[in-house]
Amino acid sequence: MAETKRSVLVVDDDGDIRSLLKDLLVEEGYAVRLAPSGADAVEAITKNLPDLVMMDVKLPDQDGIALLKQLKREHDELEVIVMTAFGGSSTAIKAMEHGAYDYVTKPFEIDDLLATLKRVFEHADMSNEVSALRLELGKREAERERIVGSSKPMLEVFKLIGKVAPSDATVLITGESGTGKELIAEALHRASKRNPHPLVKVSCAALPESLLETELFGHEKGSFTGAMTMRKGRFESANKGTIFLDEIGEMTLGTQTKLLRILQEREFERIGSNTPIKIDIRVITATNRNLVDEVRKSKFREDLYYRLNVIHIHMPPLRERKDDIPLLVEHFLVKFRHTPGAIPTSISEDALQRLVDHDWPGNVRELENAIERAVVLSRGNPITADHLPFGDSQDRSRLAERRTKLDKDAETLQERRGRLDSDEADADAADADAELAEHANGDSSFKSRVATLERQLIKEALDRADGNRTKAADELGIYRRLLYAKIKEYGLEE
Ligand SMILES: Nc1ncnc2c1ncn2[C@@H]1O[C@H](COP(=O)(O)OP(=O)(O)OP(=O)(O)O)[C@@H](O)[C@H]1O
Ligand SMILES: [Mg+2]
């Protein structure tokens, strides 16, 4: 039986980790060998090729990523799991790019780790051809720590970037405003072989339809009044590179049809021309809308949605990855230090705690702004809670917060209006309209009336859903989290 055992080589300079993993893996029926350094690992592997290597990225004699590269070069079929005590975007991305099977952070969740090991072997059984997970990527420019994050959801995002960046697959990035969607698009381009060529960004929300189309496709001289010269479009400028279509959810159906054709045929014509132009581009899109909903409402073409959503990267809101807040704060303190080279402003425990506790509806962008402002206000002294926007009630950011809430309320009303419209309850829709108009005027009694209405809507939805909150949130078209908060706010829990 002994020779059928799967063999694992554990490479770590920490004796405790080595013995912990050894006990665990032996108990699970693996044959285990140990190596305290890179050199020992190479020697052990030369003697006898294991089925799996689990290695720390920080080795006493060598950089773990360099060792990973060497191992994958010499033994393409060898599976490697990279372990680290510090989860940073660059190592996670690099590890996956250089063909690691997975990337795990210490301390381990034992069950997760064992499940990963199982998967490695199932995967190895399935095929020995080079899988998408083991990409030979060669000399890629290293992803520097530009995207900060070490939370679990962010590590998943980094791993996904490492896996998909090298391919030409179309990527759809979703997430609330300010979660870093544009940064992800940039990282994907940088980590791809298209990186010597341009990354062209176009916001589909910024321009009305006709201007957006000229912007994207270009036009011939004289194709419309005012077209004095030929102009290349952004697709042409992006040739061989990547085009990033931001806020794709705002694109009109007409333009969507044209985009679909480009994706299908990889060619298009300038406006006013019949000559097709071939292009070689990768398309990355982003939106903070729920495109599935837009498809359902016939505002977004379903066939286009499937074309764009080949790979989906979802950016979790900051409130769902609070572990990242201290790192982000540190990152922004460095970014906004007074003068280049100056020591970054420090921050009090209390202020940091407040930052961690805050809910960040504007996500990382809001945090970034808060830190920039605090750095200015504190004038080089340590930042305290007084320098934070949610410190005192006089503050402008308070107003901003209130505005976001009002916007959300308006959305609820819009939703309701949409439903009422479809129910042909015109009278009620007119009411909702009037309320929306009042909202726009900032009527002060507005808030309490919205609250009453909102409470009622939520209560009705909950009743219809027999108290099932997920169903109710779905029906209302709001996030479950928001519903929970509202239930609490209005004392609707029973
Ligand atoms: N993980 C991160 N690390 C460092 N900076 C970040 C991170 N995420 C976001 N930021 C910063 O926050 C700001 C907002 O990010 P970005 O513009 O990419 O968000 P977005 O999702 O595209 O937002 P929107 O939907 O509003 O366009 C930027 O200044 C960006 O540099
Ligand atoms: Mg953006």
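Numbering of ligands and ligand atoms starts at 1, following listing order.
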Kindly assign one of parallel, tilted or perpendicular to the pair F217 and F235, based on the angle between their ring planes and the thresholds 30° and 60°.
parallel
Among all residues two or more places apart in sequence or in another chain, which pass the salt bridge (charged side-chain N to carboxylate O under 4.0 Å, His left out) test with D14?
none
Is there side-chain contact between L207 and E213, with at least one heavy-atom pair below 4.5 Å?
no
Only counting residues at least two apart or in another chain, list the ones meeting ring-ring contact (aromatic ring centres under 6.0 Å, His included) with H197.
none
Residues in ring-ring contact (aromatic ring centres under 6.0 Å, His included) contact with F244, at least two apart in sequence or another chain:
none
Check ligand 1 for N or O atoms under 3.5 Å from a protein N or O and list each pair with its distance.
{"unit_1": "ligand 1", "atom_1": "1 (N)", "unit_2": "V148", "atom_2": "O", "d": "2.9"}
{"unit_1": "ligand 1", "atom_1": "3 (N)", "unit_2": "V148", "atom_2": "N", "d": "2.9"}
{"unit_1": "ligand 1", "atom_1": "12 (O)", "unit_2": "E368", "atom_2": "OE1", "d": "3.2"}
{"unit_1": "ligand 1", "atom_1": "17 (O)", "unit_2": "R365", "atom_2": "NH2", "d": "3.2"}
{"unit_1": "ligand 1", "atom_1": "18 (O)", "unit_2": "K181", "atom_2": "N", "d": "3.4"}
{"unit_1": "ligand 1", "atom_1": "18 (O)", "unit_2": "E182", "atom_2": "N", "d": "3.1"}
{"unit_1": "ligand 1", "atom_1": "18 (O)", "unit_2": "L183", "atom_2": "N", "d": "3.3"}
{"unit_1": "ligand 1", "atom_1": "19 (O)", "unit_2": "G180", "atom_2": "N", "d": "3.1"}
{"unit_1": "ligand 1", "atom_1": "21 (O)", "unit_2": "T179", "atom_2": "N", "d": "3.3"}
{"unit_1": "ligand 1", "atom_1": "21 (O)", "unit_2": "G180", "atom_2": "N", "d": "3.1"}
{"unit_1": "ligand 1", "atom_1": "21 (O)", "unit_2": "K181", "atom_2": "N", "d": "2.9"}
{"unit_1": "ligand 1", "atom_1": "21 (O)", "unit_2": "K181", "atom_2": "NZ", "d": "2.8"}
{"unit_1": "ligand 1", "atom_1": "22 (O)", "unit_2": "E182", "atom_2": "N", "d": "3.3"}
{"unit_1": "ligand 1", "atom_1": "23 (O)", "unit_2": "G178", "atom_2": "N", "d": "2.8"}
{"unit_1": "ligand 1", "atom_1": "23 (O)", "unit_2": "R365", "atom_2": "NH2", "d": "3.3"}
{"unit_1": "ligand 1", "atom_1": "25 (O)", "unit_2": "K181", "atom_2": "NZ", "d": "2.7"}
{"unit_1": "ligand 1", "atom_1": "26 (O)", "unit_2": "S177", "atom_2": "OG", "d": "2.4"}
{"unit_1": "ligand 1", "atom_1": "26 (O)", "unit_2": "G178", "atom_2": "N", "d": "3.4"}
{"unit_1": "ligand 1", "atom_1": "26 (O)", "unit_2": "R365", "atom_2": "NH1", "d": "2.9"}
{"unit_1": "ligand 1", "atom_1": "26 (O)", "unit_2": "R365", "atom_2": "NH2", "d": "3.3"}
{"unit_1": "ligand 1", "atom_1": "29 (O)", "unit_2": "E368", "atom_2": "OE1", "d": "2.6"}

Are T214 and R231 linked by a side-chain donor-acceptor pair shorter than 3.5 Å?
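No - no donor-acceptor pair under 3.5 Å links their side chains.
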